[in-house]
Visitor: 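There's a structure below that I have some questions on.
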Amino acid sequence: GFSEEELSAKPYTYFLHPDELKKSITEYDDIIASNRKANNFINRFRTKNGDYKWIAWSSSKSFNDENNSFAYGRNITEMKELQTLFQETARLAEIGSWEYDIFAHKKPIYLSTVVKEILELETDITVSLEYLLGFTHKDDRKKTKKSFHDLIYQGENFDIEFQIITPNNNLKWVRCIGKVQNNDLNKKNKILGSIQNITKQKNIELELAKKNIHLSSITNITTELMRTTNWYESLYTSFSITGETIDVDRIYFFEMDKNPENKEKTCSQKLEWTKNNIEPQINNPDLQNIPVKEISEFFEQLPDGKMIYGITRNLPTGNLKTLMESQDIKSFLIYPVFTNNDLAGFIGFDDCNNERNWSESEISFLTNISYNLSSSLQRATDNLELEKSLKEKNTILESVDDAFISLDTNWIVNYWNKKAEEVIGIPREKIIGKYFWGAFPNLKNSIYEKTIKEAFENQKSINFQKFFEEL
């Protein structure tokens, strides 16, 4: 926007962007001193309205006795803005480029700034292809090396995902694309591609897959517990499914011992599942009749329904830490189990190889499993109490010297005691489950039917006497 007179009245440095001043003066002095041409030297010049434009300069060599030269500039502002937009987009998408000359093995691989940021490398560092592949996680290293080998020697393009470990020991997932670039003779001379940080996307994908596995395991365990007739057998099966799903080393159930009220509370391990390479503790005498007061810091939290988890190394010195260390437990997670609102025991999950920080999905899964196991134990306890009650009732009904029969609301016989067999002369196996009025059609429209139905409808006892001729 400046006129020719305005441009001529000021030195060229007046129009330069402050950030470009030093390098532009250096470039100008070097061109004059070495009598060379400028070739697409880029800097920013100020316009009359205060904006700056990117100019790519080329020049002639100096000539005549005054060392004059001429230069011409090309406005590349739009291209630079697009380039900046692309770089920002790439940075936001965390995707960068790489390039490698396959005939210059000692030459470092080119890595863009974004790739170096992903790898957590200094921006001025240079690395070899071998060094780059060294970032690959051991589980993916074989696959990654083969992909680059086949790209270099067989020209096979690839698009793969793998894990890397950065110099700062951070685990990341990346997507790497590799392609061959041919020269003018249609022969490959370079390989190039991109690396994108996909850690967030991959973690979401893996977390979703993990939740699907967890849901499947919960379904299998719930089904097992619903159809069980032996709670302890189903508990072991549930432990096995859980252990394989969540990749823990040991799962166990401790039960509160049934001691007299005047005796101190103790607990004992009743059931255990372990991985093949983990030493079982089910026969460890130290885990039987453990006085609660000796590990009070642990037990005080259980009655409140709180789960307990942590790393053994971080526990305060005491009986609990000693007990954990004696079993080679690195980290643990424990849930209380209740029956009839009383603490019945607890279920524990151990990692004996790693100081594990339990994830939210793992805690959610194990909470669900523990809840189902507690509910199953409550059902088993209720069934035992019901069986005991029925047994006591049957003992009483079988001992009375009167015939006793029971009908449901559909007039189906569901109980027939021994005295009824003697008095009426029909064995219980031939009458239980039968329609009462069908078994005794001669009682229809009699005082028996009228009185029994009245008792049913009014839900009250009625006493009456009647000669039963058939007997």
Visitor: Should Tyr252 and Asp350 count as side-chain neighbours, where that means a heavy-atom distance under 4.5 Å?
Guide: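 Result yes, sub-4.5 Å side-chain heavy-atom pair found.
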Visitor: For a quick test of your reading: what N or O donor-acceptor pairs under 3.5 Å do the side chains of residues 274-282 make, sequence neighbours left out?
Guide:
| residue | atom | partner | partner atom | Å |
| --- | --- | --- | --- | --- |
| Lys275 | NZ | Asp247 | OD1 | 2.4 |
| Gln281 | OE1 | Asn284 | ND2 | 2.9 |

Visitor: If the condition is salt bridge (charged side-chain N to carboxylate O under 4.0 Å, His left out), which residues does Asp150 pass it with, not counting sequence neighbours?
Guide: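 Expected list: Lys146.
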Visitor: With Asp286, which residues qualify under side-chain hydrogen bond (donor to acceptor under 3.5 Å, both in side chains), at least two apart?
Guide: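 Residues passing side-chain hydrogen bond (donor to acceptor under 3.5 Å, both in side chains) with Asp286: none at all.
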Visitor: Does the Lys NZ or Arg CZ of Arg46 fall within the cation-pi geometry relative to Tyr14 - under 6.0 Å from the ring centre and within 45° of the axis?
Guide: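 Yes, Arg46 lies over the aromatic ring of Tyr14.
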Visitor: As an exercise, state the distance from CZ of Phe365 to CD1 of Ile363, rounded to the nearest 0.5 Å.
Guide: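 Phe365 CZ to Ile363 CD1: 13.0 Å, rounded to 0.5 Å.
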Visitor: Give every residue pair that meets the side-chain hydrogen bond (donor to acceptor under 3.5 Å, both in side chains) criterion with at least one member in residues 303-320, sequence neighbours excluded.
Guide: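 Every side-chain hydrogen bond (donor to acceptor under 3.5 Å, both in side chains) pair that includes a residue of residues 303-320, provided the two are not neighbours, is Arg313-Glu355.
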Visitor: Which one of Gln269, Lys270, Gln288, Glu272 satisfies the side chain to side chain contact (heavy atoms under 4.5 Å, CB included) criterion with Phe254?
Guide: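 For Phe254, the side chain to side chain contact (heavy atoms under 4.5 Å, CB included) check succeeds only for Gln269.
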Visitor: Less than 4.5 Å apart, side chain to side chain, heavy atoms only: is that true for Asn43 and Glu27?
Guide: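 No - every pair of side-chain heavy atoms lies 4.5 Å or more apart.
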Visitor: So, does Tyr335 use its side chain to make a donor-acceptor pair with the main chain of Thr367 at under 3.5 Å?
Guide: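 Judged by distance alone, yes, a pair lies under 3.5 Å.
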Visitor: How would you list, by chain and number, every residue that makes a side-chain hydrogen bond (donor to acceptor under 3.5 Å, both in side chains) with Lys202, sequence neighbours excluded?
Guide: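 Testing Lys202 for side-chain hydrogen bond (donor to acceptor under 3.5 Å, both in side chains), a comparison that skips the adjacent residues, returns Glu161, Glu205.
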Visitor: Identify, with sequence neighbours excluded, every residue that meets ring-ring contact (aromatic ring centres under 6.0 Å, His included) alongside Phe338.
Guide: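 Once residues adjacent in sequence are excluded, Phe338 has no partner under the ring-ring contact (aromatic ring centres under 6.0 Å, His included) criterion.
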Visitor: How far does CD of Glu120 sit from NZ of Lys172, to the nearest 0.5 angstrom?
Guide: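 That separation rounds to 4.0 Å.
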